[in-house]
Amino acid sequence: MNSHVPAQPLVLPPAYPDRAAWGTASKLRAWQAEALRLYLEKQPKDFLAVATPGAGKTTFALTVAAELLQRRVIERITVVTPTEHLKVQWAEAADRAGIALDPAFAGRKGKTNKDFTGVAVTYAGVAVNPLAFRVRTEKFRTLVILDEVHHGGDALSWGDGIREAFEPATRRLALTGTPFRSDDNPIPFVTYEHGHDGAARSRADYTYGYGHALRDHVVRPVIFMSYSGEMRWRTKAGDEIAARLGEPLTKDLTAQALRTALDPTGEWMPAVLSAADKRLTEVRRHMPDAGGLVISGDQNTARAYAKVLRELTGEAPTVVLSDEKAASKKIGAFAEGQQRWMVAVRMVSEGVDVPRLAVGVYATPTSTPLFFAQAVGRFVRARKRGETASVFVPSVTRLLGFAAEMEVERDHVLGRKNSNGDGDIFALEDGLIAAANATEGASDELEGNFEALGSDASFDRVVFDGGDYGTGGEIGSDEELDFLGLPGLLEPDQVRELLNKRQAKSIAAQKKANRLEDRDARGEPDRVTELATHEQVSLLRRELNGLVAAWHHRTGQPHGVIHNDLRRKLGGPPAAHASSDQLRERLDLLRDWATQRRA
């Protein structure tokens, strides 16, 4: 260690703790102090910090900036962000830390007045005129903070522009809070190391994942409420198709089933929004200002969801449609207010700080791990111990996999072979979805493939800490209401304990129903009301889905692969169309597998 490195993190100017951005305190969090100490030991030109959303990356970066300014290692700071809104947010946080940033700076201006120590700009703004930023970077000893640095690979022009503009920087500090990209565009100023498979993987200098942050009580535990249901649509060829959301389907059918579910004119979305609003009411018993966020895929559906929420709650939600100055004001007003709901298209996908968000609805067809983690990151920022977050998601295997793997750390991999057989059911449509979101309009190409005819919703299960809970139930069932009524203030261990109790209750109810069926088969007289045939089949299907989910977590096999293995060994149609006898056979075979595995 260098002799001039202090034993404790820098004590910032008096304004810093007293006027700090939300989430900062008079003392750094343990991970921030550790990362700062590591940074000061290495004194690197480039440093990549990966920390889960809500952990306090901004505080860490501003602490580094203040330290380097005090030591006169740097003279100026340039912060690069993905959006206009985040420029303002960084400027406000820096001001509270005693550092003045100009969020209105543009490369063509070339100058900013001497009141400012630095500027906040967007990746797109840098790409427009990288030479102007290079001149500024060469003129002053500059620290460049690259916020959500994965955006540096969004386009070749962005990556090239950032590299040209900031190659002469004295120091570069790259930050990200979400899994890295799934493409082969290298991110500027990120170090890649080749593995045994020949692929190059990004290497972080410091990593602070969700699991670690949860154990430190830095973030909230996230409870995922999963909803299934029957979907009906017409293809471009005129064929009418019915399928159950979450059952094994081809990638195209899964995509169309999901888009059918998200259609605001069907019954699925209103039912899920109603359930989410019930959950928000329960959370507000313990968090009176708790807010909800619906993440939509495009402007038209966002407006339609807002109309449904207004009819449900009697209160018009805040609607954020685009990256405009008015949108920043709307988000700021919502963050400080008491409104129940906000509906957004892209503005709240990452970085936006609305700490009171506690309930979310993932209502977008975008299905990459990067976007999913960004979206969930809006709900995990903890204000005090015990707060929980609830996110409602469609029962799509890919999304439920992301939910179950919240703690998995992902690097950016270059040169990895991609194929359509890797379980990525959306591999071919991610580009179309990205284009649709980029223009905030629905993709005509995707919409032309089908016409939504109708949908209904049913509660599927809860995903928490990698485990599945519940055996499903109809909307308004005791099963669903048990989980919607979980208290809003719980520690992670308490969440796990309560979910286990709910699970035990569900299994007991299932066993009782099975005993009734067995009694009927033996011809014994009824002593309670007999279950209707459709109720028996529904119960067996939910039980099968629950066991398949449990087997998935034991073996790592995708849900669809397990269902297909059962059908290959026993025959019969997909579970959505299987008879009660066929479902029981599959349940028995799954239990045999489990027994053999334990043995």
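- Using a distance-only test at 3.5 Å, with no hydrogens or angles considered, a donor-acceptor pair links the side chain of Asp298 to the main chain of Asn300.
- Across all their heavy atoms, Ser202 and Tyr192 have their closest contact at N-CD2, 3.6 Å.
- Atoms OG and CG, from Ser477 and Asp482 in turn, are 8.5 Å apart once rounded to the nearest 0.5 Å.
- In the model, Thr254 has no side-chain atom that pairs as donor or acceptor with a side-chain atom of Arg398 under 3.5 Å.
- Donor-acceptor pairing under 3.5 Å is lacking for the side chains of Ser455 and Thr260.
- Just one residue in the list Arg220, Arg381, Arg356 forms a side-chain hydrogen bond (donor to acceptor under 3.5 Å, both in side chains) with Glu387, and that residue is Arg220.
- Between Lys57 and Thr176 the shortest heavy-atom distance is CD-O, 3.5 Å.
- Nearest heavy atom pair, residue Gly572 against residue Arg567, reads O-NE, 3.1 Å.
- Taking the six-membered ring where tryptophan is involved, the planes of Phe459 and Tyr227 are perpendicular, since the angle between them exceeds 60° and thus also 30°.
- Looking only at atom types and distance, the side chain of Asp581 has no donor-acceptor partner in the side chain of Ser579 under 3.5 Å away.
- Taking the centre of each ring, Phe224 and Tyr362 stay at or above the 6.0 Å mark.
- Checking side-chain atoms of Glu480 against main-chain N and O of Gly476 turns up a donor-acceptor pair under 3.5 Å.
- Taking 4.5 Å as the limit, every side-chain heavy atom of Val354 sits out of range of all side-chain heavy atoms of Arg378.
- A donor-acceptor contact closer than 3.5 angstrom is absent between the side chains of Ser395 and Arg244.
- A donor-acceptor contact closer than 3.5 angstrom links the side chains of Arg279 and Ser390.
- At distances below 3.5 Å, at least one donor-acceptor pair connects side-chain atoms of Thr388 with backbone N or O atoms of Gly488.
- For Pro270 against Leu312, the heavy-atom pair with the smallest separation is O-CD1, 4.2 Å.
- Without hydrogens or angle criteria, Asp460 side chain to Ser228 main chain gives no donor-acceptor distance under 3.5 Å.
- Closest of all the heavy-atom pairs between Ile187 and His150 is CD1-CA, 3.8 Å.
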Leu48 and Arg203: CA distance, side-chain angles, deciding distance, side chain to side chain contact (heavy atoms under 4.5 Å, CB included) verdict: CA-CA 8 Å; Leu48 171 59; Arg203 179 182 62 78; over 6 Å; no

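- In terms of heavy atoms, Ala306 sits closest to Val319 at CB-CG2, 3.6 Å.
- Between the side chains of Asp277 and Trp341, at least one donor N or O sits under 3.5 Å from an acceptor N or O.
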